[in-house]
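Below: one structure, written as structure tokens.
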Amino acid sequence: MAQFKAICPFNYARMYSDEAKDIREEGGFFQAVRAAMVKSTPNGGRSAADRELAIQQIVSRAVVSTEIVDIMKAAGIQTPDISILSDDFLAEVREMDRKNLALEALRKLINGEVRSQSKRNVVQARAFSDRLQDAIARYHANAITTVQVLEELINLAKDIRQARQRGEETGLSDEEIAFYDALAQNGSARDIMGEPKLRVIAHELVTSVKNTVTVDWMHRDAARARMRVLVKKILRKYGYPPDLQDAAVQTVLQQAEALSAEWAEA
């Protein structure tokens, strides 16, 4: 380690000594750890791309195919249920000494959860993505500390997990919840229509749209036009506010696109 400290930081392009070459791999790993733990500042530090690269290097040994097996192993944390961001896992993250490393790893996990959710519920995924980006942006602007942003991400992870349980609580399927969210995205529409009626509309949208979609409908103008007419007809049938219909139709179509591939293969 004394040898490593004596030559670090170093430029790989100028490593001419045999001694330096012998510890090049070890040095690269320690540089990756250091990069991940350096907070980006306007006057220096690492860029977002550099931090991402460092984290990828650190966790590369813990990744099998596309599944994150134990992303926190490099930080000395042992936990099950990472894939569902369990309370035990989040509690361990909160208590970690290496807050910057915990932050980067948790951000990576949440981002993966949001990307996965975007294939099922575009409105909900967009809301979670905005919260994640906002928290990280305020952190990089030094508006909040590492501990504060870590706490925000932990709360966000809990909200993502809780969102998965909405079907059991509301009696709606995941598909119906996705269309409900598309209709209720505008607060005024939700207040005017009320939750029970929006649930009824969401149920009919799932039934009607699901029976209409084809694999490539979103790529054909005529098919998109028919889908738009179908959605508008259902909204008018239940008295959805006319001045809010265009925005609702657009969001419903985006949601239909997210689910249509799965539906067409069923």
Side-chain angles (χ1 to χ4, degrees), residues 84-85 109-138 152-214 217-218 223-264 266:
I84 60 173
L85 301 173
L109 281 169
I110 290 176
N111 195 49
E113 291 286 329
V114 171
R115 283 200 306 269
S116 176
Q117 193 176 63
S118 67
K119 300 175 182 178
R120 301 288 301 171
N121 189 319
V122 295
V123 172
Q124 195 166 261
R126 189 180 301 146
F128 287 141
S129 178
D130 289 344
R131 284 178 59 183
L132 175 61
Q133 293 178 22
D134 176 69
I136 296 300
R138 285 185 288 116
E152 287 195 26
L153 295 196
I154 289 174
N155 291 333
L156 174 55
K158 291 181 178 180
D159 289 344
I160 291 174
R161 190 183 63 205
Q162 185 176 3
R164 298 179 179 179
Q165 303 171 354
R166 288 175 62 197
E168 299 176 5
E169 299 170 354
T170 63
L172 299 175
S173 68
D174 289 345
E175 296 166 345
E176 289 169 338
I177 288 175
F179 280 105
Y180 173 90
D181 288 344
L183 298 171
Q185 184 178 22
N186 187 296
S188 298
R190 184 173 59 250
D191 294 340
I192 294 171
M193 299 293 295
E195 185 174 320
K197 184 171 285 189
L198 289 181
R199 291 185 183 185
V200 173
I201 302 174
H203 175 74
E204 184 161 340
L205 281 172
V206 170
T207 302
S208 300
V209 173
K210 193 172 185 177
N211 291 332
T212 304
V213 299
T214 57
W217 72 271
M218 72 285 292
R224 288 188 65 87
R226 286 195 298 271
M227 185 70 72
R228 183 178 295 275
V229 170
L230 172 65
V231 173
K232 278 193 172 183
K233 182 179 179 180
I234 294 174
L235 296 186
R236 286 197 300 266
K237 173 182 175 181
Y238 290 97
Y240 196 89
D243 58 322
L244 302 176
Q245 284 185 16
D246 286 343
V249 169
Q250 183 63 29
T251 307
V252 167
L253 291 181
Q254 291 174 358
Q255 182 58 61
E257 288 183 16
L259 292 170
S260 59
E262 178 182 330
W263 284 347

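Between atom CD of residue Gln185 and atom OG1 of residue Thr251 there is a gap of 4.5 Å, rounded to the nearest 0.5 Å. For the atom pair CZ of Arg224 and CG of Leu253, the computed distance is 5.5 Å after rounding to the nearest 0.5 Å. Distance check: His203 NE2 to Phe179 CZ gives 12.5 Å after rounding to the nearest 0.5 Å. Here CZ of Arg126 is found 5.0 Å from CD of Gln254. Values are rounded to the nearest 0.5 Å. Between atom CG of residue Leu235 and atom CG of residue Leu183 there is a gap of 6.0 Å, rounded to the nearest 0.5 Å. Between atom CG of residue Leu153 and atom CG of residue Asn111 there is a gap of 10.5 Å, rounded to the nearest 0.5 Å.
Between the side chain of Glu176 and the main chain of Arg199, no donor-acceptor pair closer than 3.5 Å is present. Tyr240 places no side-chain N or O within donor-acceptor distance of the main-chain N or O of Ile201, the cut-off being under 3.5 Å.
Sorted by first and then second residue, the salt bridge (charged side-chain N to carboxylate O under 4.0 Å, His left out) pairs involving residues 228-239 (not counting sequence neighbours) are Glu204-Lys237, Lys232-Asp246.
Listed here is the closest heavy atom pair of Ser208 and Leu230: O-CD2, 3.9 Å. Summarising the geometry of Val114 relative to Ala125, their closest heavy-atom pair is CG1-O, 3.5 Å, with the distance given to 0.1 Å. Closest heavy-atom contact between Asn121 and Ala178: ND2-CA, 3.4 Å. Residues Ser260 and Trp217 share a closest heavy-atom pair of CB-NE1, 3.1 Å. When all heavy atoms of Val123 and Ala182 are compared, the closest pair comes out as CG2-CA, 3.8 Å. Here the closest non-hydrogen pair linking Gln117 and Ala163 is NE2-CB, 4.4 Å.
In this structure, Gln255 and Val209 have side chains that are not in contact, with every pair of non-hydrogen atoms separated by 4.5 Å or more. For the pair Asp181 and Arg166, the minimum side-chain heavy-atom distance is below 4.5 Å. Residues Thr212 and Arg226 are not in side-chain contact: their nearest non-hydrogen atoms beyond the backbone lie 4.5 Å or more apart. Side-chain atoms of Met227 and Val213, non-hydrogen and from C-beta on, do get closer than 4.5 Å to each other.
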